[in-house]
Amino acid sequence: MSTETVPPSSAESLPGGAPPVPPGADADADVAQEAGEHGPRIDVAELTRFLDGRYAEVRNLVRVNLAEKAEILEQAETLSREEFRERVRDVVVEMAATGQTGMGFPEEYGGGGDIGASVAAFETLAYGDLSVLVKVGVQFGLFGGAILQLGTRRHHDAYLADLVTGRLMGCFAMTETGHGSNVQALGTVATYDVATQEFILTTHGRQARKDYIGNAARHAEVAVVFARLEVGGSDEGVHAFVVPIREQGTPLPGVGIEDDGAKMGLNGVDNGRLWFDGVRVPRTSLLNRFADVTPDGVYESAIENPNRRFFTMLGTLVQGRVCVGGAGINAAKVALAVAIRYAVRRRQFEATSDEQEELLLDYGLHQRRLFPLLAKTYALHFAQEVVAGQLHDVLSGIVDDEHARRELEARAAGTKALGTWHATATIQECREACGGAGYLAVNRFAALKADTDVFTTFEGDNHVLLQLVAKGLLTDYAGEFEELDQLGMVRFVAGMAVETVIERTNAHKLLERVKDLLPGGEEWDREAGLLDPDYQLAMLRFREEHMLAGVARRLKRAIDGGMNPGAVFSRVQDHVIAAARAHVERLVLEAFVEKVGTLPDGDLRTALQLLCSLHALGTIEADRAWFMEHGRLTVQRSKAISREVNGLCRKIRPLAVDLVDAFDVPVEMLRSPDLLGG
Ligand SMILES: Cc1cc2nc3c(=O)[nH]c(=O)nc-3n(C[C@H](O)[C@H](O)[C@H](O)COP(=O)(O)OP(=O)(O)OC[C@H]3O[C@@H](n4cnc5c(N)ncnc54)[C@H](O)[C@@H]3O)c2cc1C
């Protein structure tokens, strides 16, 4: 519980409580109303338990491990790049010994047999040094995940036990200098040689060399290499192969390795380039869960359509995306914990008293800068919990249907994009909120900024991912989904009536229901209370539905008018991205509202309702121009929303420290001794 002395605020205008502040209400009256009334109190331990959820034990194990290895945060600044890479490798292997990094692997290979636990462990690791996090992600998530998901028993038996302990280090070599996002266009070739029953891997030119590959420059002995498979002269598309690349530190014959050198951040990870000059690997090196080549050179797959096969293969690797999204959200928590706790110690200028200067956090502007980000962090936390749960269910076989898989992929893409962009924005704002002190490395922001920056790019560039989300929405994850590339999607949508696209989306059905729930019928947006979650959700559902319909209409009109599908897609791309973002923002708010709904009446529920409303109204406010353009916000109501956001910030002020303390970032991970008074 925080101890600073700011008048507790009122929870009066909460959903289910008294009516909301009417448009045009006087802001001063609002302040007066708050003063002297008692707002909710937060039991920090209770909130931590609520946030940690079913994997509290796993998260606590990681917290303890992080605290024990806290010196690595300083070593990131003091060791040379080479020394730091070695140190990071050692820490990763030591952490593997505690079981925290292997939780997603089958128990028979020394894993924990629980996908959800492995995501929770990874997310929590993001409180600490992010080179360690990313090296763990490369070794166990990407390399290990590819062996597990794309391989079969023989690969599991050969590699899993060793990679789970870190005895065998590996890398995941998909991206090439010439192609990152467009994986289907990779240039590395694996040709089957019937005579020797081997694949021959060849890199044709600089553009086809593997690039940015984590673990490749120093530590990996084995690579999972993505290459075009050629059998009997025909190109079967991109497949994955296990390829030994070095022994005792020395590259194997035919394997070229080059260090990517210094990076903007994550310098404890040895990213590098790989190329292959006629490297031979046995036929059994093909990770053959979805396709195989017989000894006499016949290509076989249960999935006939090559596009579908490719997307099914990539779909199994979705865990990495879920993990990076969660890591971004948790890195934002570290930044907020430092900035908010500093802001209840730091004073600047006399404002409300002649005796002493004002605490930063008592300035309305400081609250406005930090609290919507705090609210969004909570919202994303709960959205992440939903997607991690879906991942667990799908990958553990608890849920086994195609539609659920496609939905998971889209949701993972969307949450990753929003979560990592949120991290970048939040860390920057928090750095500035700490003034000059925020710039000192000891206060964490230097590493947070540098190391999380690339989260928006790896595991899928965020803009490319949002296009994937839109594709799912526009086709309603149709059976044809996997077979559709972007242009196929354009044609697919153009082939339907716009109404069909809209009818297929959930947003439409949800909005219909909400109209029934809210007062005012068609005028629901004018009559409903601003703090009513049904109103807030209806606004986001309306925006999503409207944007999606707009995209469908534009695609259809242009195709009907004879335009080239590629040109059409390019022209509406901004609209596509906006629709996808609107969709994900709706999912995020829904997750928050639903989670708060699971709490019994009491202070915690009241406090999180405040935060949830702040998130919802902040989101509407951020896009108020759109809502006004589309007749869903009057000028007066738009102003009332801004006033309400300010009011909510004031109400959250006394809760803010507890809200960040509940993240339970180990104090050793915050460092910042002068900022936090440690
Ligand atoms: C530190 C680091 C570690 C990495 N680790 C690994 C690893 O271990 N293994 C691995 O395989 N890869 C790894 N990568 C590669 C990473 O996954 C790719 O960089 C990423 O997928 C983006 O690909 P790209 O760099 O080719 O960017 P591009 O795809 O060229 O994208 C560049 C820009 O173009 C935009 N763009 C692309 N396509 C479109 C489109 N259709 N419409 C509109 N805009 C578009 C993107 O939004 C982006 O802004 C790593 C990268 C880094 C930096």
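Since the structure is predicted, the reported quantities are computational estimates derived from the model, not experimental observations. One-based numbering, in listed order, for ligands and for the atoms of each. This chain uses plain numbering: 1 for the first residue, then up along the sequence.
In this structure, Lys210 does not count as a contact residue of ligand 1, since none of its heavy atoms falls inside 4.0 Å of the ligand. Ligand 1 has at least one atom lying under 4.0 Å from a heavy atom of Gln573.
The heavy atom nearest to atom 37 (C) of ligand 1, considering only Thr175, Val464, Asn271, is found in Val464. The nearest non-hydrogen atom to atom 28 (P) of ligand 1, considering only Cys171, Ser181, Gly178, comes from Ser181.
Ligand 1 has no nitrogen or oxygen under 3.5 angstrom from a nitrogen or oxygen of Phe458. Every N/O-N/O distance between Lys263 and ligand 1 stays at or above 3.5 Å. Checked by distance only, ligand 1 and Gly460 stay at 3.5 Å or farther apart across all their nitrogen or oxygen atoms. In terms of N/O distances under 3.5 Å, ligand 1 is not approached by Leu266. The distance criterion of under 3.5 Å between nitrogen or oxygen atoms is met by Tyr212 with respect to ligand 1. For Met174, a nitrogen or oxygen atom sits less than 3.5 Å from a nitrogen or oxygen atom of ligand 1, counting backbone and side chain alike.
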Legend entry - ring pair (Phe, Tyr, Trp, His ring centres under 6.0 Å) assessment of Phe143 paired with Phe140: CA-CA 6 Å; Phe143 171 59; Phe140 305 99; 9.2 Å; no
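Listed for the Glu544 side chain is no donor-acceptor partner under 3.5 Å among the backbone atoms of Arg586. A donor-acceptor pair under 3.5 Å is formed between the side chain of Thr165 and the backbone N or O of Asp162. Not a single donor-acceptor pair under 3.5 Å links the side chain of Arg87 to the backbone N or O of Ile72.
Cation-pi geometry between Lys263 and Phe458 is not met at under 6.0 angstrom from the ring centre and within 45 degrees of the axis.
By the definition of a contact as any protein heavy atom under 4.0 Å away, atom 6 (C) of ligand 1 is in contact. When distances from atom 34 (O) of ligand 1 to the protein are checked, no heavy atom turns up under 4.0 Å.
Taking the six-membered ring where tryptophan is involved, the planes of His155 and Tyr159 are essentially parallel, since the angle between them stays under 30° and well short of 60°.
None of Arg218, Arg85, Lys135, Arg89 except one satisfies the side-chain hydrogen bond (donor to acceptor under 3.5 Å, both in side chains) rule with Asp270; the exception is Lys135.
Considering only heavy atoms from C-beta on, Leu286 stays 4.5 Å or farther from Tyr192 through its side chain.
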